[in-house]
*Asks:* 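Here it is, the structure, as structure tokens.
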Amino acid sequence: MITIENLTKKYGHNLVVDDVSFVAEPGRVTGFLGPNGAGKSTTMRMVVGLTKPTSGTTTVAGRSFRDLPNPGREVGVMLDASAQHAGRTGREILTIAQRTMGVPAGRVEEMLELVSLTGDEPDRRVGNYSLGMRQRLGIAAALIGNPGALILDEPANGLDPAGIRWMRDLLRDFADRGGAVLLSSHLLREVEVIADDIVMIGAGRTVCQGSKADLLRGVGSVVRAEDPRVLLGALQATGADTTLLHDGVISTDADPADVGRVALRAGVVVTDLRPTDSGLEDMFLQLTADTQRDNKRHTKSERRAA
Ligand SMILES: Nc1ncnc2c1ncn2[C@@H]1O[C@H](COP(=O)(O)OP(=O)(O)OP(=O)(O)O)[C@@H](O)[C@H]1O
């Protein structure tokens, strides 16, 4: 478990992280989102002791990072895959990590296999690795100590589509085995698929946090019925803002339970009934609009309203 409590960082008069609090729970993937410069990396750096907070506290497995006797056994960290020593080979980097953490030597080969660095790749200098290969090596180094938590800044950066899927499965599996994953990403689609919980910040401040299911549950319902016109009339008669879309689907601001009741009273057979989903991208652009440098772009819902 990773906890962040009232974390604040000022550089001079510049408040870059402003009273941020959240918990990355075991067994869950927490997506940490925000526009460029929102303070995500600074927050992650404070958790792993690389940047000193102005105030507030962070813990990993119940202790401050600096108090962990063997941090790599508790938390795997990948903040900047390009920061690895360019003159060393991938195998050397993992061997140093394995010795420092005191894990069995066999972990090096296991990790190379896990991240699919194969053939002569482990023995090439990291300076000659592609970005995606560095990300893979960074993941291997983060996992070699068999930690209970992972902190990853943009882990999918540079990975090809198959690599992104591989990363998604790896993180899902890590969480399903009880690990806590905190990851930042600008790939909202990816976060939407993988995250269980979402924390969004803008200009250093939390703009929303909670489970993905709760946050993305929009207001209203989408419903299909055998006789959509009858249901449309019945819903409109209750005062609900209801529209019949061109493909016979009804969109309404009534929640699914109310739609069910209205359909029952009207004697209409409902064939599909779901809460409206709002997408993560729309939510991100709306909630961070004040802090976006490109806020001249409008969200889809704003465009629809215009
Ligand atoms: N050492 C530093 N000295 C002064 N300002 C800093 C320092 N490190 C970061 N900042 C500032 O803190 C703010 C937050 O930066 P940070 O890297 O945490 O953002 P981020 O959310 O990770 O952005 P990105 O999505 O672009 O990676 C930025 O305005 C940045 O310029």
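This one's a predicted model, so the numbers in the text were calculated from it and none came from an experiment. Nothing fancy with the numbering, it's 1 onward along the sequence. Both ligands and their constituent atoms are indexed starting at 1 by order of listing.
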*Asks:* Ignoring hydrogens and geometry, is there a side-chain-to-backbone donor-acceptor pair from Thr252 to Ala254 under 3.5 Å?
*Replies:* yes
*Asks:* Which protein non-hydrogen atom lies closest to atom 27 (O) of ligand 1, naming both residue and atom, and how far is it?
*Replies:*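 For atom 27 (O) of ligand 1, the nearest protein heavy atom is Ser41 OG, 4.0 Å.
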*Asks:* Could you tell me whether atom 30 (C) of ligand 1 has at least one protein heavy atom nearer than 4.0 Å?
*Replies:* no
*Asks:* Which residue and non-hydrogen atom of the protein lie closest to atom 23 (O) of ligand 1, and at what distance in Å?
*Replies:*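 Closest protein heavy atom to atom 23 (O) of ligand 1: Gly37 N, 2.8 Å.
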*Asks:* Mind checking whether Val16 contacts ligand 1 via backbone (N, CA, C, O), side chain (CB onward), both or neither, at a 4.0 Å heavy-atom cut-off?
*Replies:*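 Side chain only.
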*Asks:* Heavy-atom distance from atom 8 (N) of ligand 1 to the protein below 4.0 Å?
*Replies:* yes
*Asks:* Closest approach of Gln135 and Glu154, non-hydrogen atoms and distance?
*Replies:* NE2-O, 3.2 Å
*Asks:* Which residue from Met46, Lys10, Lys40 reaches closest to atom 20 (P) of ligand 1 through any of its heavy atoms?
*Replies:* Lys40
*Asks:* Looking only at distances, can you tell me whether any N or O atom of Thr43, backbone or side chain, sits closer than 3.5 Å to an N or O atom of ligand 1?
*Replies:*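 The answer is no, given that Thr43 and ligand 1 share no N or O pair closer than 3.5 Å.
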*Asks:* Counting both backbone and side chain atoms, is some N or O of Asn14 under 3.5 Å from an N or O of ligand 1?
*Replies:* no
*Asks:* Decide, yes or no, whether a salt bridge links Glu190 with Arg168 under the criterion of side-chain N to carboxylate O below 4.0 Å.
*Replies:* yes
*Asks:* Side chain, backbone, both or neither: which part of His186 comes within less than 4.0 Å of ligand 1 when only heavy atoms are counted?
*Replies:* side chain
*Asks:* Nearest heavy atom to atom 26 (O) of ligand 1 wins, so pick from Asp80, Asn36, Ile201, Leu15.
*Replies:* Asn36
*Asks:* Just to confirm my output: which protein heavy-atom neighbour is closest to atom 4 (C) of ligand 1, and how far is it?
*Replies:* Tyr11 CG, 3.4 Å
*Asks:* Considering the heavy atoms of Ala38, write down every atom of ligand 1 situated less than 4.0 Å from one of them.
*Replies:* 19 (O), 20 (P), 21 (O)
*Asks:* For Met101, is there any backbone N or O sitting under 3.5 Å from a side-chain donor or acceptor partner on Arg73?
*Replies:* yes
*Asks:* Any luck finding a side-chain donor-acceptor pair between Thr8 and Asp19 under 3.5 Å?
*Replies:* no
*Asks:* Check each of Leu33, Thr51, Thr42 against atom 15 (O) of ligand 1 and report the one with the nearest heavy atom.
*Replies:* Thr42
*Asks:* What are the two closest non-hydrogen atoms of Thr58 and Ile4, and how far apart are they?
*Replies:* CG2-CG1, 4.2 Å
*Asks:* Got an N/O contact under 3.5 Å between Gly34 and ligand 1?
*Replies:*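 Min N/O separation from ligand 1 is not below 3.5 Å for Gly34.
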*Asks:* Write down the atom of Val60, the atom of Leu68, and the distance for their closest heavy-atom approach.
*Replies:*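 Smallest interatomic distance, heavy atoms only, reads O-CD2, 3.8 Å.
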*Asks:* Are a donor atom and an acceptor atom from the side chains of Ser64 and Thr59 found within less than 3.5 Å of each other?
*Replies:* no
*Asks:* If every non-hydrogen atom of Gly178 is compared with every non-hydrogen atom of Pro26, which pair is closest and at what distance?
*Replies:* O-CB, 3.4 Å
